[in-house]
Amino acid sequence: MTGALLEVHNLTITFNPPGGVPVPAMRGLSFTLQRGETLVLVGESGSGKSASALAVPRLLPKGTRISGSIRFLGQELTGAPEPEMRALRGNRIGMIFQEPMTALNPLHRVGDQIGETLRVHRGLNTADVRARVLALMAEVGIDRAAERLSAFPHQLSGGQRQRVMIAAALACDPDLLIADEPTTALDVTLQAQTLALLKRLQAERGLGILFITHDFGVVRRMADTLAVLRRGECVEIGPAAHVLTQPQADYTRTLLAAEPSGRPTPVSNAAPVVLEGQNLSIRFGARRWWGGAATGHLAVDDMSLSLRAGETLGVVGESGSGKSTLGLRLLRLLRGGGRVHLLGQDLDALPRSALRAARRQMQVVFQDPFGSLSPRLSVGEIIGEGLTVHPDDRDPAAAIAEALADVGLDPAMADRYPHEFSGGQRQRIALARALILRPQVLILDEPTSALDRSLQGQLIDLLRDLQATRGLAYLFISHDLAVVRALSHRLIVLKDGKIVETGATEAVLTCPQHPYTQALLAAADL
Amino acid sequence: MRPITRRRLTAFKANRRGFWSLWIFLAVFLLALGADIIANDKPLLVRYDGGWYAPVFKTYPETLFGGDFPTEADYRAPEVQELIQAKGWMVWPLIPYRYDTVIKDLNRPAPVPPGGRVWLGTDDQARDVVARLLYGLRVSLLFGLILATVSAGIGIAAGAVQGYYGGLTDLLFQRFIEVWSGLPVLYLLILLSSLVQPGFWWLLGTMMLFSWIALVGVVRAEVLRTRNFDYVRAARALGVGDGAILRRHVLPNAMVATVTFLPFLLNSAIGVLTSLDFLGFGLPPGSPSLGEMLAQGKNNLHAPWLGITAFVTLAVVMILLVFIGEAVRDAFDPRRGLR
């Protein structure tokens, strides 16, 4: 055995879409991964990190050209015949994907999915597979394993699904584990647990892990070796401790320096309350049959909050805690119990036309920069839509140009289409659409969580500037405590549809009272 | 041109079979539309006594050419022909028969096999098969196009309302459609044909009552998906009205499913009209129709050119439409030609 588990030399990947122009995804990547080590590929979306990792088991789309050398356990993989590759996949090379809900087949039982590789590669009989699967499930920390064996993926929680994925990847005792953003879809507390689990398994089994992420928090916990990728090129590679403390490349430095910083400008107590919610509640799946009791799930349970002009109220909680539903309730895009007062008007009592007029005072920016812009409209049409509903004395073209300039984009971009823009730019376009009506309240539903750290920092600075100059009030929904800290004056912490803690941001973050807030803080590693 | 449109056009052209099918279909459609000029029992142009006449487009009395009757001139009658030839000349269409022209000067009993003046022979009433084919194709294609377009319109509207408003509206509408689609269309048409003489518009109207259902499910599903997109939410937060949201943001997505479906809808419409004509519940007797020609083929097994002609024509048209449909589907498939 010549030592190295995986040696990649001068890897170059080119996508050849049918009927399209070839797109280079990676040029000249070289690295070496030893047993028991973790190599992290870090980079923004589109940097080629996933393509590089998927090239090892050759899981890229048909027609993709791979050149260079990939040596796994001394065996050359580029140009290896397909049956040989098949014998490696799932057997010597395990894989974990980003989204456990889509990576698991919803129609198959969990036990069968974990045991599949055992049947395929080891040819074990049913009883042996069952015993092995139970042992694996115990190893990855799934309790009541015998019972869960016959569960379907949707019956498990997100964290359990990710554990199932890990168990399936490890079933054949592989030498190399490829983890493609395994924690991105998980909440912070689950992220910490999953990373700890991977570390433990690595120590026990001497696994080599090829880890892909864009999150430097994850990098710090996992990486032995770190490769920084950008636009299909390796910017910097070296021991993680070295790269993180003494980055050589400018790009690495900007990525590292991009941690959200700064604090919001204080707001006077005399500022008027612009948005107020009283005893809000939303029930999903409720159905009353012939006057029976309402059933279903309370997504928002008796929440009250208020927001002053120029103030930011952070809303923190894990997915499923009701943060986004609260936002939709405040926008009155969902009906429910309680009252919402916007600038003194009761939104639920307003007739349709008055409600439509009131909407110009409260706008929203959503999380997904790709889903929030209609792909068929030009940027100018998207931003100008608000003006078609609420016309004022401004010239639409001038107003659109002004809104684009406000968010730091070139007004000449109005004629282009959303797909021509990066995630950060698209989020600015969404912000321009909200700002063109000059609202007083902005509901920001995780506007930064789909962005890379460097872009997050820029967006936060922009939001803070806009607040200072216009006296905007923000309701800032996020699960990222670092971002919330940089932007919010006050904070409410949600769990299972209830407010568990509320107070000034610094007070809550430095001395949390509720055990759930404490757990969140511990996991967030601020 | 928007980039997405250009990409789709490229993808459509990349499917050579579908691309050529479209051109061939358009050519066939044009031929059928021009049936009056290609096959007619009136001359295209008459030069008579220093004047120009176009009998295909305008009606002239026989007296104009020096005949005896004030009714429209019968240009096929030897007497009228002699009158005109004496003081001028006339240009006949490629096929000098209309769909209902009974050819009297044939030297054998109808149906006459292909050859000579009658390229594909005649049917059992001594009418030219090519002429009947052209006119029949025109009726079929127009019927199909109108039916497909109008029922697509109704289907999109119904699907959009169901998907966008959801809840009780959706529930009631869906139950209604289930009941409605359970009605036996064929029996209804048979009943209808015993009450009135069903013409083109009667048939179209009756078919329309049911054919719109085909698209509702697809559009509804697409709208249900789209209405939860963040850009639709953002538009609602802007205060944009429901109608404008549907038109600007939701329906363009549903159009993909619709356009993909359209060639197949057209195909089934043509098929339905043909089968009704074949069974004798379709267009009034004497009308040119592919179904009627198939029926004649069945009744005159000793004249195989009737059945073969109708069959080949129908098969070719439907295959062309399926090929076009496949190419359109490819063009709109987001998984192709991306990146």
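Chain letters run A, B, ... following the sequence lines, proteins first, then strands; residues in each count from 1.
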Distance-only donor-acceptor hits, side chain of residues 233-245 of chain B, under 3.5 Å, sequence neighbours excluded:
from     : atom 1 : to       : atom 2 : distance (Å)
B/Arg236 : NH2    : A/Leu333 : O      : 3.2
B/Asp242 : OD1    : B/Tyr164 : OH     : 3.2
B/Asp242 : OD2    : B/Tyr165 : OH     : 3.4

**Report entry** N/O donor-acceptor pair under 3.5 Å between B/Trp180 side chain and B/Leu209 backbone
**Finding:**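 Yes; at least one donor-acceptor contact below 3.5 Å.
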Report task. Scan A/Thr448, A/Val315, A/Leu442, A/Ile443 and name whichever one has a side-chain contact (heavy atoms from CB on, under 4.5 Å) with A/Phe476. Result ->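 Exactly one candidate clears the test, A/Thr448.
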Report task. Check each atom of A/Arg352 against the heavy atoms of chain B and say whether the ones under 4.5 Å are side chain, backbone, both or neither. Result ->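 Contact with chain B involves the side chain of A/Arg352 alone.
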Requested in this report: Tell me, for A/Leu328 versus chain B, whether the close heavy atoms (under 4.5 Å) come from the side chain, the backbone, both or neither.
Outcome: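 Contact with chain B: side chain only.
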Report task. Please list, chain by chain and in numerical order, all residues satisfying ring pair (Phe, Tyr, Trp, His ring centres under 6.0 Å) with B/Phe229, sequence neighbours excluded. Result ->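 Residues passing ring pair (Phe, Tyr, Trp, His ring centres under 6.0 Å) with B/Phe229: B/Tyr231.
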Report summary line: Against chain B, residues from residues 357-367 of chain A with at least one heavy atom under 4.5 Å, in numeric order, are A/Arg359, A/Met362, A/Gln363, A/Val364, A/Phe366, A/Gln367
Query raised in the report: Between A/Leu373, A/Leu355, A/Thr388, which residue shows the highest count of heavy-atom pairs closer than 4.5 Å to chain B?
Result: A/Leu373
**Report entry** Exercise: do A/Ser324 and A/Asp445 side chains pair donor with acceptor under 3.5 Å
**Finding:** yes
Query - salt bridge (Lys or Arg N to Asp or Glu O under 4.0 Å) involving B/Arg138 - partner list, sequence neighbours excluded - result: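 Partners of B/Arg138 under the salt bridge (Lys or Arg N to Asp or Glu O under 4.0 Å) test: B/Asp36.
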Query - Nearest atoms (heavy-atom pairs only) where B/Phe200 meets B/Leu142 - result: CZ-C, 4.4 Å
